[in-house]
Amino acid sequence: MMEKIVEVLPDKEGLIERGLQLILTKIERAICDRGICTIALAGGSTPKPLYGAIATQDLPWDKIHVFWGDERYVSGDHPDSNQRMARQAWLDKVDIPASNIHPIPTDGETPAADASKHETQLQEFFGIEAGEFPQFDVILLGIGDDAHTASLFPHTEALAVQNHLVAVGNKDGQPRITFTAPLINQARWVIFLVAGASKRPALAQIFAPDANPLTYPARLIQPQEEMWWLLDGEAGAGGNFDGGR
Ligand code: 6PG
């Protein structure tokens, strides 16, 4: 039975501080219970200061494995790369083994080939067979103004993918590589970080009693265990967060 927790923090700084606290708690719990923590990162701008804050922490970096929930289909050193953002804000600043960092490949023949390659990489890392879904400890997510999450954009083919871990996303014709909804929903702890008034209409639809998840893809995220929504005051202003799926 999923537990959904919504917290509205006073401002962006409060959101980042709370996000840091929560993530540190989950990292410690995962390492205590299983010896390692697997965490998949969100891209975009919201989490960048959070990654900078994590980099200031004294953590057992050899026990933390970092993945990405989605990636723009650009080289790893491109300004739009989610990998580049997280490396600059966090990973390049700490003593984490290179083998603990698992970027989504974007240098193959096609986006579909790279999606398939990353699926194989995940299967090998978690020691699972095709058709099985691994359980990440933490998956961090944001939402767009259109209620997309990861690179699961409204009315795109990736929303329907149920039998794969990774799919090709599509943002206005631009290819992305994304975790699928069923993979995200296997996670122990899904944490959304949302900031800014522009996200209010999307949040209203995500938390509405009934709305089309193909139009508001973040509604597809219904993990089995814990789903956290950390909102800053602007995003959370006036919202009713009791409903939703
Ligand atoms: C990406 C993200 C995407 C992001 C949202 C919110 O690759 O851009 O993974 O899903 O989380 O678009 O982005 P902001 O944090 O910049 O608002």
Side-chain angles (χ1 to χ4, degrees), residues 7 9-28 30-31 36-107 118 121 125 136-145 148-151 169 171 174 176-179 184 187 189-196 198-199 218 228-235:
E7 294 185 10
L9 288 311
D11 49 30
K12 180 76 179 287
E13 292 69 27
L15 171 67
I16 298 306
E17 178 53 39
R18 178 67 181 117
L20 175 66
Q21 279 177 355
L22 180 60
I23 289 167
L24 294 178
T25 302
K26 298 307 186 183
I27 289 173
E28 182 180 359
I31 292 171
I36 67 164
C37 175
T38 54
I39 179 170
L41 305 183
S45 58
T46 303
K48 189 171 180 180
L50 170 63
Y51 299 158
I54 296 174
T56 67
Q57 302 298 306
D58 180 17
L59 296 176
W61 298 113
D62 63 320
K63 295 182 173 60
I64 298 172
H65 285 264
V66 177
F67 302 78
W68 280 261
D70 72 318
E71 184 58 277
R72 291 82 181 280
Y73 204 65
V74 294
S75 64
D77 57 0
H78 188 283
D80 290 347
S81 165
N82 290 335
Q83 175 191 175
R84 179 178 183 266
M85 183 271 277
R87 284 184 184 277
Q88 289 184 341
W90 168 12
L91 301 173
D92 291 349
K93 299 176 180 176
V94 299
D95 188 20
I96 185 168
S99 56
N100 283 32
I101 300 173
H102 308 269
I104 294 175
T106 57
D107 55 358
H118 195 49
Q121 291 169 337
F125 177 84
F136 279 85
D137 291 305
V138 180
I139 296 186
L140 299 181
L141 295 169
I143 60 167
D145 293 356
H148 81 262
T149 192
S151 282
K171 177 180 183 177
Q174 294 304 313
R176 301 272 192 99
I177 309 286
T178 186
F179 280 11
I184 296 169
W189 307 302
V190 172
I191 302 174
F192 282 92
L193 291 155
V194 184
S198 72
K199 304 292 171 76
W228 292 76
W229 286 87
L230 302 184
L231 316 177
D232 77 347
E234 284 193 7

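Heavy atoms only: backbone and side chains are in, while hydrogens, waters and symmetry mates are out.
For the pair Leu9/Leu231, no side-chain contact is recorded, criterion being any heavy-atom separation below 4.5 Å from C-beta on. The side-chain heavy atoms of Arg72 and His78, taken from C-beta on, include no pair separated by under 4.5 Å. Counting only heavy atoms from C-beta outward, the side chains of Leu22 and Trp228 approach each other to under 4.5 Å. Ile139 places none of its side-chain heavy atoms less than 4.5 Å from the side chain of Ile191. Contact annotation: the side chain of Leu59 approaches that of Ile54 to within less than 4.5 Å [non-hydrogen atoms, C-beta and beyond]. Between Lys26 and Trp189, the closest side-chain pair of non-hydrogen atoms falls below 4.5 Å. Residues Trp90 and Gln57 form no side-chain contact, since every pair of their non-hydrogen atoms from C-beta on lies 4.5 Å or further apart.
A parallel orientation is assigned to the rings of Trp229 and Phe192, their planes being inclined by less than 30° (bins at 30° and 60°). Ring planes of Phe136 and Phe179: tilted class, angle from 30 to 60°.
For the side-chain contact (heavy atoms from CB on, under 4.5 Å) test with Trp68, the passing option among Leu41, Ile177, Ile39, Leu140 is Leu41; the others fail. Tested against Pro103, the residues Arg84, Glu71, Gln83, Gln121 include a single side-chain contact (heavy atoms from CB on, under 4.5 Å) partner, Gln83.
Across every non-hydrogen atom of Gly69 and Ile104, the tightest pair is C-CD1, 4.4 Å.
To the nearest 0.5 angstrom, Lys48 atom NZ is 6.5 Å from Gln88 atom CD. Interatomic distance, NZ of Lys63 versus CD1 of Ile96, reported as 12.0 Å (0.5 Å rounding). Within the model, atoms NZ of Lys171 and NE2 of His148 stand 6.0 Å from one another, a figure rounded to the nearest 0.5 Å.
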Stepwise side chain to side chain contact (heavy atoms under 4.5 Å, CB included) check, Gln174 with Tyr73: CA-CA 8 Å; Gln174 294 304 313; Tyr73 204 65; over 6 Å; no
Working for side chain to side chain contact (heavy atoms under 4.5 Å, CB included), residues His65 and Ile36: CA-CA 7 Å; His65 285 264; Ile36 67 164; 4.1 Å; yes
Quick one: do Thr56 and Lys93 satisfy side chain to side chain contact (heavy atoms under 4.5 Å, CB included)? Show the steps, please. CA-CA 8 Å; Thr56 67; Lys93 299 176 180 176; over 6 Å; no
Can Asp70 and Thr178 be said to form a side chain to side chain donor-acceptor pair (under 3.5 Å), step by step? CA-CA 4 Å; Asp70 72 318; Thr178 186; 5.4 Å; no
Before giving the answer on side chain to side chain contact (heavy atoms under 4.5 Å, CB included), spell out for Val190 and Leu141 the whole-Å C-alpha distance, their side-chain angles and the decisive distance to 0.1 Å. CA-CA 7 Å; Val190 172; Leu141 295 169; 3.7 Å; yes
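Between the side chain of Thr25 and the backbone N or O of Gln21 there is at least one donor-acceptor pair closer than 3.5 Å. In this structure, Asp137 contributes its side chain and Ala30 its backbone to no donor-acceptor pair below 3.5 Å. No donor-acceptor pair closer than 3.5 Å links the side chain of Asp232 to the backbone N or O of Leu15.
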